[in-house]
2 protein chains.
Amino acid sequence: MEPGTPVRQDELAAEFEVSRVPVREALRSLASEGLMLWQPHQGFRVAQLKPAEAREILEIRSVLEVRALEWAFPHLGPDNIEEARDAIARAEATKSIDEWSHMNGVFHTATLGACGRPHLLALIQQLNNRVDRYIRLLVQRTDYRIQAEREHRAILATIEAGNLAAASLLLEQHIEDTADALDQFLEGHRPDGASGSEEPGTPATNTAFQAAASSSTGD
Amino acid sequence: MEPGTPVRQDELAAEFEVSRVPVREALRSLASEGLMLWQPHQGFRVAQLKPAEAREILEIRSVLEVRALEWAFPHLGPDNIEEARDAIARAEATKSIDEWSHMNGVFHTATLGACGRPHLLALIQQLNNRVDRYIRLLVQRTDYRIQAEREHRAILATIEAGNLAAASLLLEQHIEDTADALDQFLEGHRPDGASGSEEPGTPATNTAFQAAASSSTGD
DNA sequence: CGATTAAATAATTTATACAATTTTGGAATT
DNA sequence: AATTCCAAAATTGTATAAATTATTTAATCG
């Protein structure tokens with residue numbers, strides 16, 4: 001669904017052949033994860049990520065993944081390496097974007113999962129969920145995929161060589177490259193405000209912030 | 001409410017004088033934020049944080065706050081310093097734990113808010129929400145408050161002196177000290193595993209000291 | 001003709017009612 | 001005495017209906 005478009009609860013309920021109650025609960029979960037925006041008596045809208053916001057999410061993910069890699073590194077064994085290599089191979093082999101995205105996740109889990117910090121891993125996953133759609137666009141509409149796969153192989157190689165510092169640098173660079181590619185792509189494909197029922201006075205970062213922070217009640 | 005206890009939707013609905021529908025939606029939001037656990041047809045339970053998990057959350061918050069401080073630092077002006085100092089003063093003056101916790105948040109916002117990254121700030125806030133109850137226990141039941149206020153003043157002093165590196169180190173140390181204090185406190189109040197009716201994945205490590213945490217919402 | 005107000009329509013939100021599932025209690029059996 | 005099985009109660013999950021609120025449309029006035 002296009003970012004910014006309001007969600008009609010009736011339509012979703014009809015589409016999934018359920019009532020509006022479970023639909024609303026699902027939307028509220030998505031809103032808490034930052035994938036939906038909510039305003040009282042105006043319902044839910046698909047959250048949009050402006051280039052600066054996408055970069056911000058990826059920056060956070062970068063910091064956390066680098067740290068997770070540092071923690072996971074001492075516990076990485078041949079089985080993890082094998083699993084990561086297999087994930088890369090499958091990602092490179094498939095034509096399905098779903099499969100590619102999934103194998104990407106498997107690669108990350110294989111390399112970072114050994115850090116022994118479930119909350120950190122869940123948070124990284126949640127952050128990835130917020131940019132996944134845009135990365136899929138990159139893969140489908142640009143040549144980002146070639147670059148990503150090359151960088152994935154490079155990261156795995158340095159890990160295999162036991163060079164944590166190099167791996168961290170490559171990982172950081174990989175995510176930054178992704179942010180750059182996304183920036184460039186989103187700039188070229190600006191939405192023109194086709195769906196936009198957005199007030200021009202307040203910046204979108206503000207509404208997005210409110211959505212993400214609406215859960216945390218301030219007094 | 002005690003961690004691990006199931007939430008009775010009827011009771012909450014009666015307490016707030018609404019139906020169960022909005023109660024369920026609220027619980028689902030809290031579950032997405034990690035404050036509640038949910039299992040199909042078993043409803044919601046209050047999420048519990050084992051010492052290792054609390055440390056994990058604080059570790060993540062440390063990484064993100066240090067980064068946020070680095071980004072905010074160039075944009076910090078006298079007004080931010082003034083606001084932060086005022087927050088510290090109010091926190092030190094008050095006897096209310098609610099006020100203390102709130103002023104703590106103001107201090108953090110004053111120092112980190114200038115980073116210009118709303119999603120990062122919202123995420124830090126959300127992480128803080130997950131450990132806030134336990135930090136309140138530290139303040140109320142140990143001498144952690146003295147240490148925290150001293151460290152807050154030290155951080156502000158280094159920021160004011162323009163020493164970013166020192167401020168980052170102090171901030172990192174401050175959060176680590178908090179994790180240590182929490183670890184020590186939770187260890188000391190461990191119920192010796194008397195109740196073993198929990199699944200091994202999420203054992204109940206704390207019941208005795210939780211009574212004090214129920215005094216948070218007194219408006 | 002444009003702006004403003006009022007009615008109507010549509011959508012969200014909440015409440016009530018119903019269905020499905022789990023838990024509990026106890027009787028029968030081993 | 002412990003266990004198994006079954007029925008009843010309790011609780012969750014969903015559907016439907018009523019209410020509140022926002023949006024749109026029509027009409028009136030300047």
Side-chain angles (χ1 to χ4, degrees), chain A residues 1-48 191-204 206-219, chain B residues 1-48 194-204 207 210 214 217 219:
Chain A
M1 298 175 67
E2 285 261 338
T5 53
V7 169
R8 297 293 170 229
Q9 302 174 7
D10 286 332
E11 297 177 7
L12 271 184
E15 180 178 344
F16 289 96
E17 294 179 330
V18 293
S19 81
R20 287 190 303 277
V21 175
V23 169
R24 283 179 57 82
E25 290 186 12
L27 290 173
R28 204 165 268 275
S29 275
L30 293 175
S32 283
E33 293 173 29
L35 289 167
M36 289 280 167
L37 298 181
W38 179 81
Q39 278 187 306
H41 294 100
Q42 294 187 9
F44 299 87
R45 303 200 314 267
V46 179
Q48 57 182 357
D192 308 325
S195 59
S197 63
E198 195 146 12
E199 59 274 53
T202 58
N206 188 18
T207 60
F209 174 75
Q210 284 178 349
S214 66
S215 48
S216 60
T217 62
D219 346 79
Chain B
M1 299 174 65
E2 286 220 4
T5 54
V7 169
R8 297 291 169 230
Q9 301 174 9
D10 284 331
E11 296 178 8
L12 271 184
E15 181 178 342
F16 289 98
E17 292 179 333
V18 293
S19 80
R20 274 174 37 212
V21 175
V23 168
R24 285 178 55 85
E25 291 186 13
L27 290 173
R28 206 164 267 276
S29 275
L30 293 174
S32 283
E33 292 173 36
L35 289 167
M36 289 281 166
L37 298 180
W38 180 80
Q39 276 187 303
H41 292 100
Q42 295 187 10
F44 299 88
R45 303 200 315 267
V46 180
Q48 53 185 341
S195 65
S197 66
E198 208 83 16
E199 64 267 45
T202 59
T207 47
Q210 287 302 338
S214 61
T217 59
D219 54 306

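Computed from a predicted model, the values in this text were never measured in an experiment.
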- Message: Can you tell me if Arg8(A) touches the phosphate of dT12(C), counting only side-chain N or O atoms and a distance under 4.0 Å to OP1 or OP2?
- Response: yes
- Message: Tell me the interatomic distance from Gln39(A), atom CD, to dT21(D), atom P, rounded to whole angstroms.
- Response: 16 Å
- Item | Between CG on residue Leu35(A) and OG on residue Ser29(A), distance to nearest 0.5 Å | 10.5 Å
- Message: Nearest 0.5 angstrom please: Arg28(B) CZ to Arg28(A) CZ, how far?
- Response: 11.5 Å
- Taking the side chain as every heavy atom from C-beta outward, state whether Met36(A) and Val46(A) have any pair of such atoms under 4.5 Å apart. yes
- Item | Smallest separation among heavy atoms of Ala47(A) and Gly34(A), with atom names | CB-O, 3.4 Å
- Query: Over how many whole Å does the gap from Arg28(B) atom CZ to dT12(D) atom P extend?
  - Reply: 13 Å
- Item | Reported CZ-to-CZ distance for the pair Arg24(B) and Phe44(B), which is rounded to 0.5 angstrom | 5.5 Å
- Task: Would you mind reading off the distance between Gln9(B) atom CD and dT16(C) atom P, rounded to a whole angstrom?
- Result: 16 Å
Using atom names, set out every protein N or O paired with an N or O of nucleotides 22-24 of chain C below 3.5 Å, distance rounded to 0.1 Å.
none

- Rounded to whole Å, the CZ-P distance (Arg45(B) to dT11(D)) equals 16 Å
- Message: Ignoring hydrogens, what is the shortest heavy-atom contact between Arg45(B) and Gly4(B)? Give both atom names and the distance.
- Response: CD-O, 3.4 Å
- Message: A side-chain contact here means heavy atoms from C-beta on lying under 4.5 Å apart; do Leu12(B) and Gln9(B) qualify?
- Response: no
- Item | Length of the line joining Trp38(B):CH2 and dT12(D):C1', which is rounded to integer Å | 10 Å
- Query: If you measure from CZ on Arg20(B) to CG on Leu27(B), what distance do you get to the nearest 0.5 Å?
  - Reply: 11.0 Å
- Item | Short side-chain N/O contact from Arg24(A) to OP1 or OP2 of dT12(C), under 4.0 Å | no
- Item | Minimum heavy-atom distance Ser19(A)-Val23(A), with the two atoms named | O-CG2, 3.5 Å
- With a non-hydrogen cut-off below 4.0 angstrom, is Val7(B) in contact with a base, only sugar-phosphate, or nothing? sugar-phosphate
- Rounded to the Å, how far apart are Glu25(A) CD and dA15(D) C1'? 13 Å
- Near DNA chain C, which residues from residues 13-22 of chain B have a heavy atom under 4.0 Å away? Val18(B), Ser19(B), Val21(B), Pro22(B)
- Message: Distance check needed: dG13(D) C1' versus Leu12(B) CG, whole Å only.
- Response: 17 Å
